[in-house]
Amino acid sequence: MLDFAIFAITFVAFLICAVLYLYPASRQASGIPGMTPTEEKDGNLPDIVSTGSLHQFLVNLHESYGSIASFWFGRRLVVSLGSLDLLREHINPNRTSDPFETMLKSLLGYQSGFGDGAAESHARKKVYEAAVNKAIESNFTLIMKLAEELVSKWLLYPESQHIPLCQHLLGFAMKSVTHSAMGSHFENDQEVICFRKDHDLIWSEIGKGFLDGSLDKSSPRKEHYEGARGEMEATLKKVAKERKGKNIDRQVFMDSLLQGDLSEKEVLEDSMIFSLAGSVITANLCIWATYFLATSKSVQEKLYQEVNQVLGKSPLSLDKLQELRYCQQVLNETVRTSKLTPVAARLQELEGCVNQHLIPKESLVIYALGVVLQDDTSWQLPYRFDPERFNEEAARKQFTLLGFSGSQECPELRFAYTVATIMLSTLIKQLILHPVEGQVVEMKYDLVTTPKEEAWITVSKRS
């Protein structure tokens with residue numbers, strides 16, 4: 001599975017540490033143009049930190065050195081690819097491992113899976129993917145209900161009321177994920193609130209505490225982080241115990257894991273990964289999609305017309321979901337414009353060659369997705385929010401290549417697309433979205449691309 005998941009400055013930096021620790025490689029530069037190390041020990045890490053995000057560092061790197069460029073993390077060479085043609089050339093012949101699972105497990109202190117053979121690893125991933133698909137199918141009606149509750153809440157607001165998108169849609173996403181992942185245990189809102197508190201603390205420390213070592217330097221912070229991780233794990237273990245071997249009508253993500261040939265530890269780890277990553281990706285896809293619709297009246301109106309035409313007075317169903325093609329275009333363009341997942345990384349398991357440059361075995365290759373998604377040679381007017389561009393087959397193929405759709409799409413993103421489609425179709429059918437005058441929402445390239453500050457909209461009822 002080519003899981004192009006979420007990485008930002010600290011996320012990828014720690015990934016590099018984990019991958020290079022597990023897979024030692026040479027310091028061979030291979031003649032690829034790029035930066036020389038700023039410091040002997042840290043390489044170009046000070047440059048990444050001073051730039052503010054790995055994404056912006058890569059933007060500057062590729063502007064200076066071209067579509068293939070190198071830099072140093074510590075004493076290790078990292079190769080970055082910043083064009084569609086180079087990504088296509090690298091992906092097709094090369095067998096590369098998925099570092100996202102390695103990264104996240106390293107951060108959480110998990111070890112299982114690192115020594116497994118290819119067959120065992122592949123089988124486990126198949127169970128994971130099937131569990132996500134089953135969770136979507138079995139919990140579709142429940143997610144619909146959560147979306148309707150959100151819209152009902154917004155309908156009560158006066159037209160002048162500013163609605164905080166991040167606050168409301170993170171809550172909606174968290175409920176969708178916890179209910180779909182673990183079932184009735186999270187029908188109590190207090191359980192969701194506790195889970196969200198632990199979730200936010202874990203992601204916050206992954207985002208700021210690992211790269212600079214500040215987490216290890218602060219005993220109180222480390223204690224809080226480890227406490228939150230322990231509480232989340234305890235909740236997952238409790239749910240697994242409650243559901244194991246039970247006949248339950250509504251199947252959730254964890255049920256599929258329990259029915260698979262997985263150990264208790266593997267069930268815990270995979271549940272943790274889905275709960276963490278699924279919540280962050282789903283929330284921010286919903287946030288950016290709603291914000292962009294509010295700022296684009298013509299796109300919003302076209303989506304409304306499609307929803308009316310496909311659904312009429314009928315509720316959304318899993319079958320009808322596939323007919324909302326323009327909604328899919330809106331979500332694709334949301335991912336592209338927001339650079340939702342700006343960076344990914346692959347481990348080069350076998351020696352490869354890109355643009356006549358040799359990439360040694362066991363090198364780390366960065367996919368500068370944020371650079372590629374804003375490349376004006378691949379996308380006309382790249383900074384414009386325009387779902388019409390995905391009318392073209394070429395654009396859809398490019399998106400598939402980058403791992404945002406098709407067989408390469410990561411399961412968490414597939415889940416997020418489903419939840420966002422349910423939310424948007426429910427929302428747009430009853431409400432008109434309006435931007436807040438004078439508001440400029442800046443992007444923060446963290447674990448995923450998020451608004452730097454709260455994003456606000458207003459709504460009015462459709463007549």
Undergrad: Classify the side-chain pair Asn391/Glu388 by whether it contains a donor and acceptor separated by less than 3.5 Å.
TA: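 Indeed, the side chains of Asn391 and Glu388 share at least one donor-acceptor pair under 3.5 Å.
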Undergrad: Could you state the interatomic distance from OG (Ser275) to CE (Met254), rounded to the nearest 0.5 Å?
TA: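 So the gap between those two atoms works out to 7.0 Å.
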Undergrad: To the nearest 0.5 Å, what is the distance between CD1 (Ile32) and CD1 (Ile68)?
TA: 4.5 Å
Undergrad: More than 12 non-hydrogen atoms from neighbouring residues, nucleotides or ligands closer than 6.0 Å to NE2 on His434, yes or no?
TA: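 Enclosed.
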Undergrad: Among all residues two or more places apart in sequence or in another chain, which pass the side chain to side chain contact (heavy atoms under 4.5 Å, CB included) test with Lys238?
TA: His185, Glu242
Undergrad: Judged by atom type as modelled, is there a donor-acceptor pair below 3.5 Å linking the side chain of Asn139 to the main-chain atoms of Gln251?
TA: yes
Undergrad: If only atom types and distance count, is the side chain of Trp288 paired as donor or acceptor with the main-chain N or O of Thr449 below 3.5 Å?
TA: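 The answer is yes, because a donor-acceptor pair under 3.5 Å joins these two groups.
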Undergrad: Considering residues, nucleotides and ligands other than Glu454, do more than 12 of their heavy atoms fall under 6.0 Å from its CD?
TA: yes
Undergrad: Can you tell me if His199 uses its side chain to pair, donor with acceptor, with the backbone of Phe195 under 3.5 Å?
TA: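 Pair absent, no side-chain N/O of His199 close to backbone of Phe195.
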Undergrad: Report yes or no: do Gln380 and Asp376 form a side-chain donor-acceptor pair below 3.5 Å?
TA: no
Undergrad: Would you give the length of the straight line joining atom CD of Glu453 to atom NZ of Lys444, rounded to the nearest 0.5 angstrom?
TA: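 One gets 10.5 Å once the value is rounded to the nearest 0.5 Å.
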Undergrad: For the residue pair Lys241 and Lys237, establish whether any side-chain heavy-atom pair is separated by less than 4.5 Å.
TA: no
Undergrad: Between Lys134 and Glu129, does any NZ, NE, NH1 or NH2 come within less than 4.0 Å of an OD or OE carboxylate oxygen?
TA: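 No.
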Undergrad: With side chains defined as the heavy atoms from C-beta onward, is the minimum distance between Tyr445 and Thr450 less than 4.5 Å?
TA: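 They are not in contact (no side-chain heavy atoms under 4.5 Å apart), so the answer is no.
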Undergrad: Any sub-3.5 Å donor-acceptor pair from Arg389's side-chain atoms to Arg396's backbone N or O?
TA: no
Undergrad: Would the distance check show the side chain of Thr295 and the main-chain N or O of Phe292 forming a donor-acceptor pair, the cut-off being under 3.5 Å?
TA: yes
Undergrad: Set out, in order, the CA-CA distance, both residues' side-chain angles and the distance that settles ring-ring contact (aromatic ring centres under 6.0 Å, His included) for Phe253 and Tyr128, then state yes or no.
TA: CA-CA 8 Å; Phe253 176 82; Tyr128 188 97; 5.3 Å; yes
Undergrad: Hydrogens and angles aside, do Thr377 and Asp375 bring a side-chain donor and acceptor to less than 3.5 Å of each other?
TA: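 Side chains of Thr377 and Asp375: pair found under 3.5 Å.
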Undergrad: Is it true that Glu333 and Arg336 make a salt bridge, defined as a side-chain N closer than 4.0 Å to a carboxylate O?
TA: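 Result for this pair is yes, salt bridge flagged.
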Undergrad: So that I can tick it off, tell me whether Arg124 and Asp261 are bridged by a salt bridge, with the cut-off set at under 4.0 angstrom between side-chain N and carboxylate O.
TA: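 No, no charged N to carboxylate O under 4.0 Å.
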Undergrad: Could you tell me whether a side-chain N or O of Ser296 sits under 3.5 Å from a main-chain N or O of Leu293, the two making a donor and an acceptor?
TA: no
Undergrad: If we ignore hydrogens and angles and just use 3.5 Å, is the side chain of Gln329 paired with the main-chain N or O of Pro387 as donor and acceptor?
TA: yes
Undergrad: Give a yes or no answer on whether the side chain of His179 reaches the backbone of Phe186 with a donor-acceptor pair at less than 3.5 Å.
TA: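 Yes; at least one donor-acceptor contact below 3.5 Å.
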Undergrad: Using 0.5 Å steps for rounding, measure from the CD1 atom of Ile457 to the CD1 atom of Ile287.
TA: 11.0 Å
Undergrad: Could you walk me through whether Lys452 and Met443 satisfy the side-chain contact (heavy atoms from CB on, under 4.5 Å) test, starting with their C-alpha distance in whole Å, then the side-chain angles of each, then the deciding distance to 0.1 Å, before giving a yes or no?
TA: CA-CA 5 Å; Lys452 274 190 178 180; Met443 295 177 180; over 6 Å; no
Undergrad: Between Phe274 and Val132, does the side-chain contact (heavy atoms from CB on, under 4.5 Å) criterion hold? Intermediate values first, please.
TA: CA-CA 9 Å; Phe274 178 72; Val132 173; 4.0 Å; yes
Undergrad: Enter the distance from Leu77:CG to Ser70:OG here, rounded to the nearest 0.5 Å.
TA: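 Between Leu77 CG and Ser70 OG, I get 5.0 Å after rounding to 0.5 Å.
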Undergrad: Measure the CD1-CH2 distance between Ile163 and Trp456 for me, rounded to the nearest 0.5 Å.
TA: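 Here the rounded value is 10.0 Å.
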Undergrad: With a 4.5 Å heavy-atom cut-off, do Pro342 and Leu369 have their side chains touching?
TA: no
Undergrad: Which residue pairs pass the salt bridge (charged side-chain N to carboxylate O under 4.0 Å, His left out) test when at least one of the two sits in residues 166-183, sequence neighbours left out?
TA: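 Qualifying pairs: Lys175-Asp189.
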Undergrad: Is a donor on one side and an acceptor on the other found under 3.5 Å between the side chain of Glu412 and the backbone of Ala277?
TA: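 Pair absent, no side-chain N/O of Glu412 close to backbone of Ala277.
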